[in-house]
Structure formats: C-alpha cells, structure tokens
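Take a look at the structure below.
Naming convention: chains lettered A, B, ... in sequence-line order (proteins, then strands); numbering from 1 in each chain. Please read these numbers as outputs of a predicted model, since none were measured by experiment.
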Amino acid sequence: MRRSRAFIPTTKEAPSDASLASHIYLSRAGFISQVASGLYSYMPLAKRVIKKIENIINEEMAKAGAEEVELSFVTPATLWQESGRIEKFGKELLRFRDRKENLFVLGPTHEEMMVDMVRNRITSYKQLPINLYQIKTKFRDEARPRFGLMRGREFIMKDGYSFHSCVADMDREFDAMEAAYKTILTRLGLDFRIVEADSGAIGGSGSKELMVLAGSGEDTIAVCSKCEYGANVEAAKRSGRAAIPEAPVAEFNKFKTPNIKSIEDLENFFKVDGYYTMKCVAKRAVYEDDSEIVLFFVRGCDTLQEVKAQNATGALDIVDVSEEELRELGLIPGFIGPLEQGCAKHVIDSDLRDAKSMICGANEEEYHFVNVDMSVMSEAYYADIAAVNEGDSCPHCNGTLSFTKGIEVGHIFKLGTTYSAALKAEFLDENGKAQPFVMGTYGMGVSRLVAAVIEQHHDEQGCIWTKATTPYMVNIMISNIKEVSQVEIGEELYAKLQAAHVEVMLDDRKERFGFKMNDAELIGFPYTIIIGKELENGLVQIFERKTKESISVSKDDVFSKIIDLI
RNA sequence: CGGGGUGUAGCUCAGUAUGGUUAGAGUACCUGGUUUGGGACCAGGGGGCCGAAGGUUCGAGUCCUUUCACCCCGACCA
C-alpha cells in the first residue's frame, strides 16, 4: 500500500476521555473511530489486524477439528424465552420488533442459536462429538461501556460450542480447546495465563479464563510463585497461610467489651491477632421471588469475597443491608456472632471449621465471647467465602500466591446440559434413550484482543505490533520525496517486497523526515526501512520498532536482510 | 441503575461568574514560496445554526426550563 493513497488518519492528540494506552494509540494512529458510546468503526489498519487474528484462530480451530459456521446476528426472542435468559440478561439484550411486531434480540452470545441449529439434526450418539464455532459481531447493551475496544457494546467474538454424548468426552474436548487457545495466544505473541474462574450464573462444572497480563486489566488474578496455578480472585483457593500467629490463652467466657465493635478494636482490646477474631458481614441475598438476610462469617484478617458468597447462597444477587434492617431482626451490629443466634441464616468460611481460641460477638450489646471452639458448630453451613490474600499458600504446591492484573480475552466453560435440557435438544444413546447433549462453550474476544496486544506492547511513542498481529510488516520510508534516487530505490524495494508477499507500506508522502518517523512509530510497524541521506554512500537503515534501534545495510543487501528479520 | 462532569471549527480547548461590534487560539486542511534525518518556517485562505427545543430580553455562546448525547466514579458485566 502506498501511504499517500492510504486512509490512515493519524492525529497528534488523543480523544480527551481516553485513558488506556490501547484506546489512545488505536485512536491516534487511525485504527478506530468512535461512533457512539461503546460503538467503534474499524478503519483499514484495524481491519487488517482483526483479519490476522481471525486467521490464526481459524487455523487453530481447523487443526482442532472444529468447523466454522455463521449464525444470524438477529435472533428471535422466543429462543431466549425458552432458555430463560431473556430475564437473566435483562437490559443487556437489545430488543426490537420487526414490521410484523415479532420480538427479536441482537445476539450477545449464541448458545441458544447454536443449540437450535443442532437440535433435531444431530439425533444419534453416532454423530457426536461435534464442535462448531463462528467469529461474529456481538451486541451487549452494557451499562457502562469504556476503555475503547476493551469494553464496547458491539464487539467481535469467536464463540464455539461443542456437543457430546457424555461428560468424559466433553472434558476431553475442553482440554483440547484449552490447548488450542493456548497456541493461539502464543502465536499472537502475548504473555498470558490460563486461570480458574467463577462459572457464575451460567453454571456448569468448571470454567477457565484466558488472561492477558497487563497492569490495566480489569480483573485481579492470583498466581502461584512456583507452579502453574492461577485463578481469578473471584474463584481463587488457598491451602492455608504462611504463618499462624500464636493463639491467645483464655477460658471460654462472655467478656464485657464496651463500644468495641470493629475487628481493629478487638485486636487492640484483647491484644490478639485478627486471625483469632471473627468478622460478620451481613448481606441481603436476593432470589427470584424473595430475599433474606444472610450473615457471612470470616476470620478478622480475611475479607469476604462477594462472588463466592453469592455462589454459596445460590442467590441471584447479594446487596448491602442497613443497621436498621439488622436490628429489626434482633441483631446487634458490632456484636454479631454465630453462637446462640437463630435470627438469620449464616454461612461460615471453611477456614473457620473447628477453629479454636476464637473471639466473636455474643449477640448482646457490649459483649463478646472469648476462647470459642468452633467445633461446637460442626453442623453449621461452611463454604469457601473468604478472599485469598497475597502471601497465602498455593492450593497445589508450597508456593505463595501473589496478585496481578489481567485482561480477560477468553473464557471456556464446561456447560453440561444446561442449555440442551432447557431447549430440549436431545439425541438417542446406545440404549435408544433420549439424552440432552453435554456441551462445552469456548469464547474469545477478537476485538478485545486487538486492544490487549497494545496494552501489552506499547511505549510513549505508540503501538508496537507483534509480528503476528501487525497490519503491515515493513514500512519503507522515503526520507525526501524530491530526491529521485531515494524514490527509485524505494519503489524498487517496494515492488520486490510485494512480489515476495511481504505486507509492505511505502511512505511516499511529501512530508519531512521527523513527521514520517513519528507517524511510523505511532502506528507501530515492526520494521521501517529508511531511505535517506546515507543513500549517497549506498546505505539504507532498518529501524526496529520494538528496540528503536537501527542498523545500516547496503542498499543491495537490504532485501535479503529484511526477509531474514521478518 | 445511583452520584458527578462536559457539549463552542475535523481534533484539543479558551470565552459563559457580571448578556452587548463581525465568536477566538493551537492544531489539522487548501494555495504559493523557502525547507528536507525527529511532528519545520513565511505569506495568504476556507471552515461554526456555540448539542437540540422552548422561554426571558431591545439584544443570548453567556440567564431560565425541558431534552438529547458523550465522559468519569460506583453498581453491573454468559
């Protein structure tokens, strides 16, 4: 492509509201253009990057034996009613009616559509397994789109769905997809981690997220210092803590604790570590039809992990409660404990099972119990509801956990029969018995990957594309367009590289050197061949974007040298 | 969905407290010239329904009302 003919509107200034590197540089370098909140148009450079990513996904999916399909973007609302997700998704579903007043939904994900396509077509276990995917625009009417391509309302996603006759086969495919996704991200040149994730409302027996490591990521993940273990903090587990503080010595007793309400107060009052205190976090668990107050107990040194708490209750949502609501139930904020208290349902963190020497509220104004032995509550409901802390021990080895930020670019689920059962998508097994398909689902955010590449690969000058994702591999810069010799060499090299199927840009604009260099760095071509002053000595320079170093090579060798480099 | 902010040239923004010539700057764009290794310089030029609607006033970018859009914090996010 000739730069003089290309539509690449670069700008000196970023949109005032952009804060993320990917948003700033993709806007400034002329890749994307915002149309409305959460809606972006892809300009030629972005389109090329997207195609690169899609090609790699297609190649790896083909290797893994998955077939590409394309489902319609507009989906009938009836399917969403069948699965029950029309309520669950709520306002995120963009709904509208056609001229016949039929209700439709813009597809935010395509489980229902895929199941609908397969049901009654795949009817025997002999036709299984099958793995179908598409790369398609999705629409979710997010409450708050932000960060450019990172969280748009309209975005491109690769979504795949596999159908199996048994759980074991789904597990096998899940592992195969995890491996394929790993290969894709490696090929794209990304530093990533596959982590255990919360399966959330979608259910199923397990899910993993693919996290591109970047400080700007919206998710916090816990990773082990020694082994491969990594997990979203929403789902992270631990085996214990590094050092258990010395236990306080006391007899079981009810102790007067005037105005001692917080964990910090307790620590100071009794001179004990927060480890031996019990924290009560009261929340209202909201179910489909009603709601109730639930008391969550964790150690004073821990914090409640709300996603875990929600899962432990099976609630659709958990929300804060006021002191008044607690008092109405007969609970005394600041002095709530699990003993001798029957006002509300409680969930106790599993780390408190059989805990000794604990201090907890006595459910009486100004009193706490000391030296509580939790084994008296062995019948209570225990669940993992505490957030892991940095420094806790890895659940799989003796390493320690630390936190890092990640961008979720993929999420794979073991769905099981959730959707096939709801949509009555069944096959006949060996015994001629109807069974719902066992399914897996595998998502990857293509447009988000574009942003993730830049989040991980940029500097103060702009984008630094990886070789697998760059819109053009080589940029030939003719330093001074009025120098006929420079133009001749540039054109010759341009033709030669094109003939060799190298993706090449020829910067033939009538601009000054500095302008064109800044532009090239902003866009982020991996290599720029500078044809300029040194041509008198028969030399040109190859500038590498990543290192910002340039080497001089003879004009006769530059072609073979650049072929070696790319 | 709660709280806050901003809408003026393609872009980044002044101007609005206290209403008053023809609405500004930088940048980008067009013409001509000088330049040509890190976003050059000189001269000239085009470009605005001051987000929209209504109101107050002799007079509104500026005051009032309504509305729309966009952004930020939070909640939400298969």
NA contact type, [X], heavy-atom cut-off 4.0 Å: base, sugar-phosphate, or nothing?
{"X": "A/Lys516", "value": "nothing"}
{"X": "A/Ile481", "value": "nothing"}
{"X": "A/Gln541", "value": "base"}
{"X": "A/Pro9", "value": "nothing"}
{"X": "A/Glu92", "value": "sugar-phosphate"}
{"X": "A/Ser37", "value": "sugar-phosphate"}
{"X": "A/Met150", "value": "nothing"}

**Request:** Give none if B/A52 has no partner; otherwise give the nucleotide forming a Watson-Crick or G-U wobble pair with it, both distances under 3.5 Å.
**Result:** B/U66
**Prompt:** For B/G38, what is the paired nucleotide under Watson-Crick or G-U wobble rules, both distances under 3.5 Å?
**Reply:** none
Taking N and O atoms by type only, does the side chain of [X] place a donor or acceptor under 3.5 Å from a partner on the base of [N]?
{"X": "A/Arg28", "N": "B/G39", "value": "yes"}
{"X": "A/Lys482", "N": "B/U36", "value": "yes"}
{"X": "A/Arg151", "N": "B/C77", "value": "yes"}

